[in-house]
Amino acid sequence: MSFKLDSVVPWGRNLDEYRTMFMLDDADMKKKIAGFGDGPASFNCEATRMGCSVISFDPIYIFTREQLRERINEVRAIVMKQMAENVDNYVWTKIKSLDELEHVRMSATEQFLEDYDFGRREGRYIPYELPEKLPYDENTFDIGLSSHFLLMYMSLGYDFHIAAMTEMLRVYREISVFPIVDLDGKESSMANDVISYFEKSHIVEVRKTQYEFQKSENMMLTIKNRA
Ligand SMILES: C[S@@+](CC[C@H](N)C(=O)[O-])C[C@H]1O[C@@H](n2cnc3c(N)ncnc32)[C@H](O)[C@@H]1O
């Protein structure tokens with residue numbers, strides 16, 4: 001794994017945002033869940049505190065807590081400046097202002113950092129880069145999630161997304177990806193092609209969720225293995 005820290009923009013969402021994006025109800029929260037590309041999200045930490053079983057996979061987990069904290073401090077002002085320049089691209093109903101956004105994101109990141117060393121020792125934060133082979137057997141776990149990674153980064157290409165989601169579906173009975181738009185919030189032909197590919201062999205559903213921060217990012221893709 002040759003992931004470079006200066007190529008990373010650690011910026012994480014929280015449990016409430018994950019539950020809304022992926023429509024995770026109480027029954028789902030009792031299942032074995034993994035987040036792929038969770039980065040510094042507080043989903044794992046907060047869900048673990050509730051007694052849930054969550055593993056997070058991300059290449060940034062090769063770095064130490066101090067390295068991640070330093071990088072978060074470096075990018076914080078840059079990200080906030082970009083947000084300020086693009087306020088019209090976002091829906092300010094749940095999060096009402098830039099100040100609130102910074103508070104929500106930094107609070108998630110701080111909870112992640114507090115939990116990181118303990119979580120790594122417990123095997124909850126695993127350094128891993130899709131689409132590497134996961135060290136688990138077929139259908140071992142229940143739900144694999146990808147928030148703001150798969151289907152967003154078009155430059156990774158169609159083959160990357162097919163390989164990544166195929167490997168997730170080997171180990172997880174179902175996977176969900178949110179959102180289904182690219183980094184500019186636009187529908188992409190690549191996402192449509194990926195959906196068509198899995199429709200041939202899997203149960204595929206696209207659903208509207210209550211989560212919308214970047215405009216148009218309110219659709220979730222779920223792909224299930226056939227029994
Ligand atoms: C925009 S962040 C999303 C963080 C978190 N999921 C959230 O929604 O708050 C994208 C994450 O994908 C991770 N990532 C990049 N390449 C990856 C790969 N090949 N496999 C898994 N995760 C990757 C990055 O390190 C980063 O943490």
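Atoms within each ligand, like the ligands themselves, are counted from 1 in listed order. If you read the sequence from its start, that first residue is 1, and numbering goes on from there.
Considering backbone and side-chain atoms together, Phe36 places no N or O closer than 3.5 Å to any N or O of ligand 1. On a distance-only criterion, Met21 and ligand 1 share no N/O pair closer than 3.5 Å. Between Tyr18 and ligand 1, a contact under 3.5 Å exists for at least one N or O pair.
In this comparison of Leu150, Asp38, Leu183, the heavy atom closest to atom 5 (C) of ligand 1 sits on Asp38. When Phe57, Phe149, Phe63 are checked for heavy-atom proximity to atom 17 (C) of ligand 1, Phe149 turns out nearest. Among Leu145, Asp58, Asn14, the residue whose heavy atom lies closest to atom 26 (C) of ligand 1 is Asp58. Counting only non-hydrogen atoms, the option in Arg105, His148, Glu132 that gets closest to atom 1 (C) of ligand 1 is His148.
Looking only at distances, no side-chain donor or acceptor of Trp11 sits under 3.5 Å from a matching main-chain atom of Thr109. At distances below 3.5 Å, not a single donor-acceptor pair connects side-chain atoms of Thr140 with backbone N or O atoms of Tyr136.
Take Asp115 and apply the salt bridge (charged side-chain N to carboxylate O under 4.0 Å, His left out) test, not counting sequence neighbours, and it matches Arg124.
Looking at Lys32 and Asp142, no side-chain N of the basic residue comes within less than 4.0 Å of a carboxylate O on the acidic one, giving no salt bridge. Using a 4.0 Å cut-off between a side-chain N of Lys or Arg and a carboxylate O of Asp or Glu, Glu167 and Arg170 qualify as a salt bridge. Between Arg19 and Asp16, none of the side-chain N atoms (NZ, or NE/NH1/NH2) sits under 4.0 Å from a carboxylate O, so this pair counts as no salt bridge. A salt bridge is absent between Asp184 and Lys215; no separation between the charged side-chain nitrogens and carboxylate oxygens falls under 4.0 Å.
Among residues at least two apart or in separate chains, salt bridge (charged side-chain N to carboxylate O under 4.0 Å, His left out) pairs with a member in residues 67-77 are Arg69-Glu110, Arg71-Glu74, Arg76-Glu102.
Residue Gly39 has at least one heavy-atom neighbour below 4.0 Å for each of these atoms of ligand 1: 27 (O). Taking a cut-off of under 4.0 Å to the non-hydrogen atoms of Trp11, the atoms of ligand 1 that pass are 4 (C), 9 (O). Those atoms of ligand 1 that come under 4.0 Å of a heavy atom in Ile60, given as number and element, are 25 (O). The ligand atoms of ligand 1 that sit less than 4.0 angstrom from a heavy atom of Gly12 are 9 (O). The atoms of ligand 1 that sit less than 4.0 Å from any heavy atom of Ser147 are 3 (C), 5 (C), 6 (N), 7 (C), 8 (O).
Here Tyr153 has side-chain heavy atoms under 4.0 Å from ligand 1, and that is the only part of it that gets that close.
With hydrophobic clusters built from ILVMFWY side chains whose heavy atoms lie under 4.5 angstrom apart, Val79 shares a cluster with Val87.
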